[in-house]
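Single-structure report; data block below.
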Amino acid sequence: MRDHPCQPLTGYDPVDDATRLERATAFRRLMAGRRTVREFSDRPVARAVVEQALLTAGSAPSGANHQPWFFSVIESPGARARIRAAAEAEEREFYESKAPQEWLDALAPLGTDPDKSFLEVAPVLIAIFGQKRGGPRPGDDKKNYYVTESVGIATGLLIAALHQAGLATLTHTPAPMSFLADICGRPAGEKPFLLLVAGHPAEDATVPTAALDKKPLDAIAAWI
Ligand code: IYR
């Protein structure tokens, strides 16, 4: 018995099997071209593109449809300089003392280091927050559920949307990230989840060869 308001499902018009496979394959190919980029150009990105990508992120499934995310798009050069300084301070500590050898060994093929100049070069910096409390409508103050899962899914959609718009991204996670809430002026109940950097790759951008290694289907999935 359905005792909640509902309406007919739309948006799943019939598609023949061949078209379905073509679409799945085309999307797989598109996404296979995504690279994590660490060298960006300062070429600007239209705000409308970022708005569309954020709306895609905001369409993600979430616990009780509470949409427990917030995206701060940081444009102010002052804020970006503060973020870079704070992130690089954390990262220097990470690379110089905090990181166990096993972690450093895992990162070696990717060539990452404490230099985070992209935080001031790339035109789009999006700090992504998870909200402990909120609710389905703006201004609600209810408990949120599955916040990390929900924000992770939204972030995945955001990355896919930006990639399909032709923009490169970098998921950056300085730890701890509490400085982000401060700089973005976010309330105490919001936890920084990730800093997403986006823009056009630098002309001479490179990718680590190791990053191209993706596991084959039989290593990541099984039909049982
Ligand atoms: N946060 C550091 C280290 C780092 C950790 C992982 I796991 C990566 O996949 C990449 C980097 C940094 O940004 O350099």
Side-chain angles (χ1 to χ4, degrees), residues 31-42 45 53 57 69-77 79-130 147-163 167-184 186 190-202 204-216 219-220:
M31 292 313 297
R34 186 201 58 79
R35 302 269 78 87
T36 289
V37 166
R38 293 185 175 79
E39 293 133 323
F40 287 86
S41 130
D42 60 2
V45 168
W69 39 65
F70 192 85
F71 304 90
S72 286
V73 185
I74 301 135
E75 288 185 325
S76 134
R80 293 160 58 102
R82 285 174 67 200
I83 289 175
R84 176 182 177 187
E88 287 186 337
E90 300 287 8
E91 297 297 2
R92 272 193 300 273
E93 254 194 79
F94 173 81
Y95 285 97
E96 284 162 19
S97 54
K98 279 208 318 217
Q101 193 56 43
E102 185 178 11
W103 197 342
L104 293 175
D105 291 347
L107 291 175
L110 302 175
T112 57
D113 63 35
D115 172 0
K116 304 300 172 193
S117 39
F118 51 73
L119 293 172
E120 286 190 280
V121 174
V124 183
L125 266 196
I126 307 174
I128 305 173
F129 298 90
V147 174
T148 307
E149 291 83 347
S150 304
V151 179
I153 296 167
T155 300
L157 293 191
L158 178 59
I159 292 168
L162 291 167
H163 175 69
L167 295 174
T169 55
L170 167 63
T171 46
H172 182 46
T173 51
M177 273 192 287
S178 37
F179 64 84
L180 277 181
D182 262 9
I183 296 174
C184 298
R186 300 308 304 163
E190 287 188 10
K191 196 171 155 215
F193 177 72
L194 190 147
L195 188 54
L196 191 70
V197 183
H200 299 278
D204 57 354
T206 60
V207 286
T209 307
L212 304 179
D213 245 343
K214 300 297 180 195
K215 292 181 181 173
I220 64 168

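Computed from a predicted structure; not experimentally measured. Numbers here simply count residues along the sequence, with the first being 1. Every number for a ligand or one of its atoms is a count from 1 in the order of the listing. The basis for the numbers below is simple: all heavy atoms, side chains too, and nothing from hydrogens, waters or symmetry mates.
- The protein atom (non-hydrogen) at minimum distance from atom 2 (C) of ligand 1 is Glu91 OE1, 3.0 Å.
- By the 4.5 Å heavy-atom criterion applied to side chains, Thr148 and Lys191 are not counted as neighbours.
- Put simply, the residue from Leu158, Thr155, Leu195, Ile74 that forms a side-chain contact (heavy atoms from CB on, under 4.5 Å) with Ile126 is Leu158.
- Salt bridge absent: Glu96 and Arg92 never bring a charged side-chain N and a carboxylate O closer than 4.0 Å.
- The closest protein non-hydrogen atom to atom 10 (C) of ligand 1 is Leu107 CD2, 3.6 Å.
- Distances shorter than 4.0 angstrom occur between a heavy atom of Lys116 and an atom of ligand 1.
- Between His200 and the choices Val37, Asp42, Leu167, the side-chain contact (heavy atoms from CB on, under 4.5 Å) rule is met once, by Leu167.
- From the protein, the heavy atom lying nearest to atom 7 (I) of ligand 1 is Trp103 NE1, 3.5 Å.
- Nearest protein heavy-atom neighbour of atom 3 (C) of ligand 1: Tyr95 OH, 3.4 Å.
- Leu162 pairs in a side-chain contact (heavy atoms from CB on, under 4.5 Å) with only one of the listed residues (Leu157, Leu196, Val124), which is Leu196.
- Outside the 6.0 Å centre-distance limit, the rings of Trp69 and Phe193 are not counted as a close aromatic pair.
- Against a heavy-atom cut-off of under 4.0 Å, His172 is close to the following atoms of ligand 1: 13 (O).
- Residue-ligand proximity, Thr173 to ligand 1, at heavy-atom distances under 4.0 Å covers atoms 1 (N).
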